[in-house]
Amino acid sequence: MSIAENIAQVKANIERAALAAGRDPKEILLVGATKMNDADRVREAIAAGLPCCGENRVQELLEKNEAGAYAGAQLHFIGTLQKNKAKYLVGLVSLIHSVDSVELMKEISRQAVKRGIRQDILIEVNTGGEASKSGLAPGELANVLEKAGEFPGIFVRGLMTIPPICRAPEENLPYFDLLRQLFIDNGEKKYDNVCMDFMSMGMSGDYEAAIACGANIVRVGTAIFGQRHYPEKQA
Ligand SMILES: *Cc1c(COP(=O)(O)O)cnc(C)c1O
């Protein structure tokens with residue numbers, strides 16, 4: 001299957017899942033997780049109708065951006081972000097999905113204020129409670145949203161989660177439901193610099209389940225680009 005065929009298939013699946021949930025397919029943004037795919041493959045995906053690219057390493061994003069890989073599409077950052085690298089992304093990407101501390105929010109705001117802009121971000125929640133995963137504990141979320149009002153350079157547009165690796169998509173439903181509940185509960189409160197517009201959840205194995213739970217941003221890599229070939233680990 002070509003990248004174009006895969007994108008058509010994923011879009012058809014998104015449409016079907018949205019309609020089954022009584023939702024408008026147009027409200028769901030497909031983010032192609034482009035990591036480990038070079039500029040040519042990214043361009044091929046955009047030409048085939050991919051509306052948005054999501055990178056998860058700053059260095060890789062900067063190199064591919066330099067090569068003009070993202071022309072014609074939105075660009076998001078979806079990976080773990082170290083505070084000292086925020087300066088490379090602010091103003092370059094339209095959304096940072098993975099903010100999980102007040103310190104990182106503060107640094108993104110500082111960089112945005114310097115540039116005279118406001119950076120859209122999502123807050124990442126560790127819905128599975130795994131120690132190995134990034135993201136805020138659900139119980140910390142309200143506190144962090146409260147703090148967003150102190151940072152004029154950011155605008156919190158919603159929430160993101162990466163659930164534990166599951167064998168079947170249905171196993172992720174409790175995590176997706178938890179994110180939706182947090183999204184609804186916190187959306188009803190009035191926090192400064194916060195507007196709950198986006199719920200980013202669902203990857204190749206489970207984006208349809210995520211859409212059933214209310215996702216309006218899905219991040220799909222393998223189902224578009226095929227298996228990634230990670231370099232073999234040293235023994
Ligand atoms: C790679 C990646 C994805 C996509 O994963 P696939 O299973 O290949 O679809 C989604 N979200 C994040 C944060 C990623 O790093």
Side-chain angles (χ1 to χ4, degrees), residues 1-3 5-14 17 28-38 41-42 44-46 48 50-64 69-70 73-82 85-86 89 93-101 104 120-128 130 132-136 157-173 175-176 179 198-231:
M1 292 276 273
S2 68
I3 288 174
E5 286 169 318
N6 288 339
I7 289 174
Q9 183 67 63
V10 170
K11 282 185 168 177
N13 292 341
I14 288 173
I28 295 159
L29 176 66
L30 170 61
V31 176
T34 42
K35 58 173 171 273
M36 303 184 70
N37 285 279
D38 65 17
R41 286 172 65 79
V42 173
E44 186 180 338
I46 294 168
L50 183 69
C52 182
C53 300
E55 288 290 353
N56 72 339
R57 288 200 191 84
V58 174
Q59 187 61 34
E60 185 178 340
L61 179 150
L62 294 175
E63 284 170 15
K64 278 148 72 173
Y70 308 116
Q74 284 188 62
L75 178 58
H76 290 183
F77 189 77
I78 62 177
T80 306
L81 179 58
Q82 289 168 284
K85 293 194 175 158
L89 297 182
V93 303
S94 54
L95 187 65
I96 299 173
H97 287 226
S98 43
V99 177
D100 64 356
S101 71
L104 182 54
D120 282 349
I121 64 172
L122 303 179
I123 303 294
E124 181 176 351
V125 182
N126 183 357
T127 49
E130 297 170 289
S132 62
K133 282 266 167 71
S134 48
L136 289 175
R157 301 293 303 276
L159 305 177
M160 179 268 217
T161 195
I162 306 172
I165 293 166
C166 293
R167 265 157 304 176
E170 313 83 71
E171 292 176 21
N172 276 335
L173 292 177
Y175 308 112
F176 293 153
L179 196 77
F198 301 119
M199 228 187 305
S200 168
M201 58 187 189
M203 319 202 319
S204 290
D206 56 20
Y207 60 94
E208 289 149 295
I211 288 168
C213 292
N216 54 9
I217 301 181
V218 294
R219 310 175 309 267
V220 178
T222 310
I224 293 175
F225 296 103
Q227 285 295 331
R228 291 178 292 272
H229 298 287
Y230 290 94

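If you read the sequence from its start, that first residue is 1, and numbering goes on from there. When a ligand or atom number is given, it counts from 1 through the structure's own listing order. All figures in this text were calculated on a predicted structure; none of them were measured in a lab.
- Taking all atoms of both residues into account, the shortest heavy-atom contact from V42 to N37 is CG2-O, 3.7 Å.
- Paired with T34 under the rule side chain to side chain contact (heavy atoms under 4.5 Å, CB included), one option of E55, H76, R41 passes, and it is E55.
- In the vicinity of I162, heavy-atom distances shorter than 4.0 Å reach the ligand 1 atoms 13 (C).
- Judged by distance alone, the side chains of Q9 and E5 never bring a donor and an acceptor atom under 3.5 Å apart.
- Those atoms of ligand 1 that come under 4.0 Å of a heavy atom in N56, given as number and element, are 15 (O).
- Residue contacts with ligand 1: H97 is excluded, as none of its non-hydrogen atoms falls under 4.0 Å.
- Shortest non-hydrogen contact noted between F77 and L61 is CD1-CD1, 4.0 Å.
- A donor-acceptor contact shorter than 3.5 Å links the side chain of S204 to the backbone of A223.
- For atom 9 (O) of ligand 1, the closest non-hydrogen atom on the protein side is S204 OG, 2.5 Å.
- Ranking protein heavy atoms by distance to atom 13 (C) of ligand 1, first place goes to I78 O, 3.4 Å.
- Protein heavy atom nearest atom 10 (C) of ligand 1, with residue, atom name and distance: M203 SD, 3.2 Å.
- Checked by atom type and distance alone, the side chain of E60 pairs as donor or acceptor with a backbone atom of M36 at under 3.5 Å.
- Of all protein heavy atoms, the one lying nearest to atom 11 (N) of ligand 1 is R219 NE, 2.9 Å.
- Expressed to the nearest 0.5 Å, how far CG of L104 lies from OG1 of T80 amounts to 10.0 Å.
- When heavy-atom distances to ligand 1 are checked against a 4.0 Å cut-off, K35 comes that close only through its side chain, counted from C-beta outward.
- Note that the CE atom of M199 and the CD1 atom of I217 stand 10.0 Å from one another [nearest 0.5 Å].
- Annotation: V220 places no N or O atom under 3.5 Å from an N or O atom of ligand 1; distance criterion only.
- Counting heavy atoms under 4.0 Å from ligand 1, residue A33 touches it through the side chain alone.
- Both the backbone and the side chain of T222 come within 4.0 Å of ligand 1, judged by heavy-atom distances.
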